Amino acid sequence: MVKAVVGANWGDEGKGKITDMMAADADIIVRFQGGANAGHTIVNNYGKFALHTLPSGVFYNHTTSIIGNGVALNIPVLMKEIKSIEEKGVPAPHILVSDRAQIVMPYHILFDQYEEERLGKASFGSTKSGIAPFYSDKYAKVGYQVQELFDDELLKEKVQRTCDQKNVLLEHLYHKPLINPDELLNTLHEYRDMIAPYVCDTSAYLWNALKENKTILLEGQLGTLKDPDHGIYPMVTSSSTLAAYGCVGAGIPAQELKQVVTVCKAYSSAVGAGAFVSEIFGDEADELRRRGGDGGEFGATTGRPRRMGWFDCVASKYGCRMQGTTDVAFTVVDVLGYLDEIPVCVGYEIDGEVTTDFPVTSKLEKAKPVLKTLPGWKCDIRGIKKYEDLPENCRNYIEFIEKEIGFPITMVSNGPGRDDIIYR
Ligand code: GDP
């Protein structure tokens, strides 16, 4: 059986925690898209971890962690991450890397920086991890699959072709140092040696696992609103963030996906530029940012302060619909305990009309939030294990949002730890 854990919004919904928790009952956890541009924060008995490339299931002895073909694989970052978790006493994880995954090259990271510099004020707010140049090359068919590292003839010839092409841009568009083919080839030889122990045909591995009735968890990065097709284009990421793409990016048959857990945070946060209708500013935002998540809402990869906002029912209803949600995991509810009243965005006003349907970007830019204010519960709900034991106003908040988004909230997360979860 295949299950997916994905985000409904802009990312940072708490997917890492939910995946880490659900991994207790899974055999295999697969990353299927994205790269080291976003992180998951996980708190468990080994400590606190910010993972960028490894799946959030690496903390168990019984699981296999897979970097699927859809991932933007940064080999040195992966190595560093493996080392960092082993240093903290986590048993050496069982990791497999798809031979069809493509490699983030050093020049992808440079091009990402150079292009953001060139765009100046019109930049995308990229994390400069090379993700957009990586996926551009993948679809322009000039990327490097992991398996190509093991064919030296091909590699030599391809490196030369790469330099011929990239150096034109470096010289004439960006006015930056050129790539030296010998150095690049050396780097790729190093990458080959680092990754060799992990490489295999992961789709064949997953196919066999399915035949043995194993449980496979697909772990998404970012959320619906960052999907290149269905998100707030062009302020999106460069690979699909949808559960449906999980099957492609892992290499499994689509009909095997039986459960989609969409993670929604009890308020909103976003990183990078782009429309954010329920955004709040000033002291109100600062306080929520400071209290938010586990130690404040700052990017796991960049440390950048996240933009903050109230829960957005319009965006989340759409976000859950596009994921094919079977279950909503509603997270970070504990953080709202300080508020007397909690505003929730229940509609968008666009050109004088109110809608609850998430619009295309040009209309989204004009949208103003229609807010409804719900009473707060004014207490700490961490440690509560049963839904009935939550304060009435807290249950009302959850049930109000469930009704607005139209998908069942079956899990309520009231703290960052593995056990801070209430099943309904
Ligand atoms: P992801 O990218 O979706 O995995 O989200 P992040 O890991 O970037 O952000 C979620 C943050 O919230 C992390 O710091 C988590 O430890 C924390 N977190 C997750 N669930 C909860 C929760 O229910 N309550 C609190 N207080 N923090 C949570």
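As a basis for the values below, the full set of heavy atoms in this structure was taken, side chains included, without hydrogen atoms, waters or symmetry mates. Keep in mind that this is a model prediction, so the values were computed, not measured. In each ligand, atom 1 is the first atom listed, and ligand 1 is the first ligand listed.
- Ring planes of Trp10 and Phe276: tilted class, angle from 30 to 60°.
- Among Arg291, Lys265, Arg289, the one residue that satisfies the salt bridge (charged side-chain N to carboxylate O under 4.0 Å, His left out) test with Glu297 is Lys265.
- A salt bridge links Lys166 to Asp137: one of the charged nitrogens lies within less than 4.0 Å of a carboxylate oxygen.
- Listed by number with element, the atoms of ligand 1 under 4.0 angstrom from any heavy atom of Lys15 are 1 (P), 2 (O), 3 (O), 4 (O).
- Using a 4.0 angstrom heavy-atom cutoff, Gly11 does not count as in contact with ligand 1.
- Of the candidates Ala266, Ser269, Gly293, Gly7, Gly293 brings a heavy atom nearest to atom 12 (O) of ligand 1.
- Taking distance alone, with nitrogen or oxygen atoms compared against 3.5 Å, Gly16 approaches ligand 1 more closely than that limit.
- Nearest-residue assignment for atom 28 (C) of ligand 1 (options Pro416, Gly417, Ser56; heavy-atom criterion): Pro416.
- Judged by distance alone, the side chain of Thr202 and the main-chain N or O of Val97 form no donor-acceptor pair under 3.5 Å.
- Within the 4.0 Å heavy-atom criterion, neither part of Met411 lies near ligand 1.
- Side-chain N or O atoms of His62 include one that pairs as donor or acceptor with a backbone N or O of Ala24 at under 3.5 Å.
- Note that OH of Tyr198 is 11.0 Å distant from OG of Ser65, once rounded to the nearest 0.5 Å.
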Worked check of salt bridge (charged side-chain N to carboxylate O under 4.0 Å, His left out) between Asp294 and Lys17
CA-CA 11 Å; Asp294 177 36; Lys17 177 230 156 111; over 6 Å; no
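- For atom 19 (C) of ligand 1, the nearest non-hydrogen atom from the set Glu13, Lys17, Arg306, Met21 belongs to Lys17.
- For atom 10 (C) of ligand 1, the candidate residues are Ser413, Gly14, Gly337; the nearest heavy-atom contact is made by Gly14.
- Close approach to Val335 involves these atoms of ligand 1, each under 4.0 Å from a residue heavy atom: 26 (N).
- Residue Asp334 touches ligand 1 through its side chain alone, judged by heavy-atom distances below 4.0 Å.
- Taking 4.0 Å as the cut-off, Arg382 counts as a neighbour of ligand 1 on heavy-atom distance.
- Geometrically, Arg418 engages Tyr60 in a cation-pi contact defined by less than 6.0 Å to the ring centre and at most 45° from the axis.
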